[in-house]
Amino acid sequence: MKLLIVLLLTAFICTSLRAEEPAPPADVQKMAATLLEATENNDLDKFKSVCDQAMREAMSADLLQEVHTQVGASLAAGFQQQYLVRLDRGPIQTYLWKISFKKAGEHDVLLEVSVKDSLVAGAFLR
C-alpha cells in the first residue's frame, strides 16, 4: 500500500512539473503569422510592417529574397506551427515555434520571434 501511495504521489508531481506552456499573446501570434506570410510571398513591406526601427533597417530585399528562396516554396506547400515556449530576456520576450512542412522531404525549422515594445525586434528561421 505504501508503495502504491509513493508511486501515485510521484506520478502526480511529475505531471504537475510538465505543465504545458500557455499560448503566446494574440498580437505575437499575429506578428509571427505576418512574418511567415511575408517570407512565403517575398513581401518586404509586409515583413517590415510588424518590425521595430532597427529590424526594419536590418531587413533588406536581398536578405528576405534569400530566406524566401530557402523556405518560400515549403511554406506555400503548407506547414504546421507548434508553439513551444517563451524566453524572458528582460525587456525582450522571445517566442519559439516548431514549423513542420507538409512538403515531403523537408526538415523542421525553428521560428524565433523576439518582441520588444509590441514590435518584432528580431526574427530567425533556424
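Here the closest non-hydrogen pair linking Ala121 and Met55 is O-SD, 4.1 Å. Between Leu44 and Ala61 the shortest heavy-atom distance is CD2-N, 3.7 Å. Scanning both residues, Asp108 and Ser100, for their nearest heavy atoms gives OD1-OG, 3.2 Å. Across all their heavy atoms, Pro24 and Gln29 have their closest contact at O-NE2, 3.0 Å. Looking at every heavy atom in both residues, Thr94 comes nearest to Ser114 through OG1-OG, 2.8 Å. Here the closest non-hydrogen pair linking Ser74 and Lys103 is OG-CD, 4.1 Å.
Considering NE2 of His107 and CZ of Phe101, their distance stands at 11.0 Å, rounded to 0.5 Å. Here NZ of Lys48 is found 7.5 Å from OG of Ser60. Values are rounded to the nearest 0.5 Å. The structure places CH2 of Trp97 at 9.5 Å from CG of Leu84, a figure rounded to the nearest 0.5 Å. Taking CD from Glu106 and CG from Leu75, the interatomic distance works out to 9.5 Å, rounded to the nearest 0.5 Å. Separating the CG atom in Leu87 from the CD atom in Gln93 is a distance of 8.5 Å, to the nearest 0.5 Å. Separating the CZ atom in Phe79 from the CG atom in Leu111 is a distance of 9.0 Å, to the nearest 0.5 Å.
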Residue pair Leu36, Gln81: steps toward the side chain to side chain contact (heavy atoms under 4.5 Å, CB included) verdict: CA-CA 10 Å; Leu36 289 170; Gln81 188 175 337; 3.5 Å; yes

Between Thr69 and Glu66, does a side chain to side chain contact (heavy atoms under 4.5 Å, CB included) hold up when you go through it step by step? CA-CA 5 Å; Thr69 299; Glu66 184 178 328; 5.8 Å; no

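Between Asp52 and the choices Leu119, Val115, Asp117, the side chain to side chain contact (heavy atoms under 4.5 Å, CB included) rule is met once, by Leu119.
In this structure, Arg56 contributes its side chain and Cys51 its backbone to a donor-acceptor pair below 3.5 Å.
Below 30°, between 30° and 60°, or above 60°: for Tyr95 and Tyr83 the angle between ring planes is between 30° and 60°, a tilted geometry.
With hydrophobic clusters built from ILVMFWY side chains whose heavy atoms lie under 4.5 angstrom apart, Phe124 does not share a cluster with Ile92.
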